[in-house]
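Input: a single structure, listed below in structure tokens.
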Amino acid sequence: MAIRIYNTLKREKKAFKPVKEGRVGIYFCGMTVQDRPHLGHMRAFVVGDAVRRFFEFSGYEVNYVQNFTDIDDKIIDRSIREGTDWRKIGERYIEEYFRASDRMNLKRATFYPRATQHIQEIIEIVSLLEKKGIAYEREGNVYFDVTRFQGYGKLSGKKLEELVSGARVEPDPLKKNPFDFALWKAWKEGEPYWYSPWGKGRPGWHIECSAMSTHYLGQPFDIHGGGEDLIFPHHENEIAQAEAARDKPFVNYWLHVGYVKLAGEKMSKSTGRFTAIADLLERYDPNAIRLYLLQTHYRSPIEYSEENLMQAQRAWEKIEVFLSRFESAEPPSVEPPASFVEAMEDDFNTPRALGALFEGMREANTFLDAGDEERARSTYGEILVMLGVLGFKPQEKAETAIDEIMEILLEVRKKLREEKNYAVADLIRGRLQEKGIILEDTPEGTRWRRGTR
RNA sequence: GGCGGCAUAGCCAAGUGGCCAAGGCGGCGGUUUGCAAAACCGCUAUUCCCCGGUUCGAAUCCGGGUGCCGCCUCCA
């Protein structure tokens with residue numbers, strides 16, 4: 001069976017066909033680096049990561065491109081407000097992004113292009129649009145004439161007339177039509193600039209993605225992803241720019257990730273209502289956060305709440321406990337169960353895939369309890385593959401002083417238990433639990449782990 | 001005002017015409033244990049927001065209603 005993807009443009013789920021057999025080009029809209037990365041960003045990127053890993057698992061060679069838009073109005077605003085160089089603002093949040101990305105075990109993209117490093121490609125596509133009479137220059141600004149692109153609105157399902165009637169945009173006297181958007185913005189005192197055929201200036205918002213995605217992946221390319229909030233105007237405008245400039249389709253599959261909501265409303269940078277991923281990582285295991293994000297299908301909204309995160313944290317601990325039972329076992333090379341693969345092939349249905357994973361755990365435990373080590377190990381191998389495809393990475397236990405101390409403590413406690421001094425043995429266990437260390441007495445001896453209970 | 005989405009157990013969440021409505025968290029009972037923990041077994045939605053309709057049969061399709069959310073402005 002083939003991978004089926006829901007395409008926002010067609011509003012249907014369809015079997016994936018790559019532009020080039022055996023390869024897939026994915027452009028995932030990254031951040032405009034004007035503020036800290038939050039849980040909403042992370043949701044989109046975790047989904048992108050799982051999609052990418054599943055393609056790789058399915059035998060595709062994946063070219064994964066994720067941009068940083070490092071020049072725009074908000075970055076300039078912030079730079080002026082803080083009195084910091086605009087480049088430093090971008091660097092700050094890009095660094096924070098990579099720290100979070102690594103802790104979340106997001107596989108590194110093939111390329112991380114930045115708008116400011118592709119000014120040349122941007123100028124080329126704007127020039128092309130101007131030559132064709134689709135873009136026009138006004139006082140050093142270049143605008144895209146939306147009436148010159150037939151398909152305008154096809155992604156977001158909007159019609160130009162409807163947009164105009166419900167317009168909330170400030171009428172700009174330089175624009176022919178209020179929905180024309182800036183491809184190039186003329187320089188203003190105190191702002192960064194690059195030289196262009198239209199004088200000093202800088203790129204508008206949407207153009208960098210049209211320029212960079214096709215630069216790295218060709219046109220058309222396979223999959224363009226991002227948060228749902230990018231559908232309009234960002235992705236709509238990307239389509240207009242790329243297709244009008246080159247008279248060929250831009251993207252074959254549009255994949256959009258649902259919102260993370262905060263107290264019933266959308267989490268958003270612009271309102272300041274967001275939960276920074278770095279703050280969350282201080283309180284939760286990155287795998288628990290990933291589990292929390294993947295237990296809902298990517299197109300449905302997720303409600304942010306500490307309780308839901310706690311549930312995911314517990315579920316993740318269940319997985320860790322499971323893995324610790326097999327620590328010494330050499331995992332065999334196996335295929336994951338069909339139910340898992342089918343779930344993922346069906347528009348990346350990670351909740352169903354996780355169902356298969358948990359069922360596998362139960363089976364493996366049952367085999368192990370029954371003494372059927374061979375089947376237990378084989379099922380354990382399947383679990384490892386599934387965890388890997390979904391991008392989970394159990395924390396490696398670093399050998400530290402605490403291990404040595406625990407060893408001594410467990411030895412002493414063993415003596416106490418042999419002497420049936422349960423009161424003191426239980427005291428040790430109870431006090432350790434208060435500090436987040438759980439003891440488990442098994443017939444083979446006592447294990448310890450970090451956990452909430 | 002225009003367009004779109006969602007409503008499934010205490011909580012999270014799959015399921016889009018037909019075996020007992022996946023799975024996770026929580027709870028209850030049991031096996032096991034010195035007691036716990038972990039693990040396993042059983043129970044925890046006779047019913048899928050409400051009202052009609054189509055059908056032999058619907059959570060799933062159609063019509064109406066209610067509630068919540070999103071986009072139309074910067075946003076993953």
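What's counted below: heavy atoms across the whole structure, side chains too, no hydrogens, waters or symmetry copies. We name chains A, B, ... by the order of the sequence lines, and we start the count at 1 in each one.
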Looking across every strand, which nucleic acid part, if any, lies under 4.0 Å from [X] by heavy atom: base, sugar-phosphate, or nothing?
{"X": "A:G40", "value": "base"}
{"X": "A:K420", "value": "nothing"}
{"X": "A:G30", "value": "sugar-phosphate"}
{"X": "A:M267", "value": "base"}
{"X": "A:Y422", "value": "base"}
{"X": "A:R43", "value": "nothing"}
{"X": "A:D73", "value": "nothing"}
{"X": "A:S339", "value": "nothing"}

Does the base of [N] carry an N or O that pairs as donor and acceptor with the side chain of [X] under 3.5 Å?
{"X": "A:K158", "N": "B:C72", "result": "no"}
{"X": "A:D229", "N": "B:G70", "result": "no"}
{"X": "A:R417", "N": "B:G34", "result": "yes"}

Salt-bridge present ([X], [Y]; N to O < 4.0 Å):
{"X": "A:E243", "Y": "A:K154", "result": "yes"}
{"X": "A:R449", "Y": "A:E320", "result": "no"}
{"X": "A:D49", "Y": "A:R108", "result": "no"}
{"X": "A:R92", "Y": "A:E82", "result": "yes"}

Checklist entry - Between residues 290-297 of chain A and RNA chain B, which residues have a heavy-atom gap below 4.0 Å? => result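 Contacting residues: A:Q295, A:T296, A:H297.
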
Pair partner, [N] [Watson-Crick or wobble, under 3.5 Å]:
{"N": "B:C43", "answer": "B:G27"}
{"N": "B:A14", "answer": "none"}
{"N": "B:A59", "answer": "none"}
{"N": "B:U66", "answer": "B:A7"}

Next on the checklist: If you only use heavy atoms from C-beta on, which nucleotide in B:G23, B:G26, B:U73 is closest to the side chain of A:E359?
Outcome noted: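 In terms of side-chain proximity for A:E359, the closest of B:G23, B:G26, B:U73 is B:G23.
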
Next on the checklist: Of the options B:C35, B:A76, B:G34, whose atoms approach the side-chain atoms of A:V260 most closely?
Outcome noted: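 Ranking B:C35, B:A76, B:G34 by closest atom to the A:V260 side chain puts B:A76 first.
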
Checklist entry - With side chains defined as the heavy atoms from C-beta onward, is the minimum distance between A:Y6 and A:W254 less than 4.5 Å? => result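 No. Closest side-chain heavy atoms not under 4.5 Å.
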
Checklist entry - Do the side chains of A:I207 and A:W184 get nearer than 4.5 Å, heavy atoms only? => result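 No. Closest side-chain heavy atoms not under 4.5 Å.
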
Next on the checklist: Between A:R114 and A:E91, is the salt bridge (charged side-chain N to carboxylate O under 4.0 Å, His left out) condition met? List the steps.
Outcome noted: CA-CA 11 Å; A:R114 304 182 189 190; A:E91 282 307 322; 2.8 Å; yes

Kindly give the atom pairs (protein nitrogen or oxygen, nucleotide nitrogen or oxygen) under 3.5 Å for nucleotides 7-11 of chain B.
unit_1 : atom_1 : unit_2 : atom_2 : d
B:C11  : O2     : A:Q311 : OE1    : 3.4
B:C11  : O2     : A:Q311 : NE2    : 3.1

Checklist entry - For A:F358 and B:G24, is the gap between ring centres under 5.5 Å while the planes differ by less than 30°? => result no

Checklist entry - With nearest nucleotides of RNA chain B determined for A:A353 and A:A423 from heavy-atom distances, which residue corresponds to the more 5′ nucleotide? => result A:A353

Checklist outcome for this item: Residue pair A:M42/A:P301 against RNA chain B: nearer the 5' end by closest nucleotide is A:P301

Item to check | Worked verdict on A:W316 versus A:F392 for side-chain contact (heavy atoms from CB on, under 4.5 Å) | outcome: CA-CA 10 Å; A:W316 173 252; A:F392 292 100; 3.7 Å; yes

Item to check | A:G25 versus A:F221, closest heavy-atom pair with distance | outcome: O-CD1, 3.9 Å

Listing time: all N or O pairs from protein to nucleotides 37-41 of chain B that are below 3.5 Å?
unit_1 : atom_1 : unit_2 : atom_2 : d
B:A37  : N1     : A:D441 : O      : 3.2
B:A39  : O3'    : A:N365 : ND2    : 3.1
B:A39  : O2'    : A:D369 : OD2    : 2.3
B:C40  : OP1    : A:N365 : ND2    : 3.3

Next on the checklist: Between A:S156 and A:E236, is there a side-chain donor-acceptor contact under 3.5 Å, judged purely by atom types and distance?
Outcome noted: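 Indeed, the side chains of A:E236 and A:S156 share at least one donor-acceptor pair under 3.5 Å.
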
Next on the checklist: Please tell me whether A:F16 and A:F55 form a close aromatic pair, meaning their ring centres lie under 6.0 Å apart.
Outcome noted: yes

Checklist entry - Taking OP1 and OP2 of B:G5, is either one under 4.0 Å from a side-chain nitrogen or oxygen of A:S300? => result no

Item to check | Below 4.0 Å: OP1/OP2 of B:C71 and any side-chain N or O of A:K266 | outcome: yes

Item to check | Single hit among A:H235, A:H224, A:R299 for side-chain hydrogen bond (donor to acceptor under 3.5 Å, both in side chains) with A:H256 | outcome: A:H235

Item to check | Verdict with reasoning, A:L439 to A:R413, per side-chain contact (heavy atoms from CB on, under 4.5 Å) | outcome: CA-CA 11 Å; A:L439 298 191; A:R413 188 167 167 276; 3.9 Å; yes

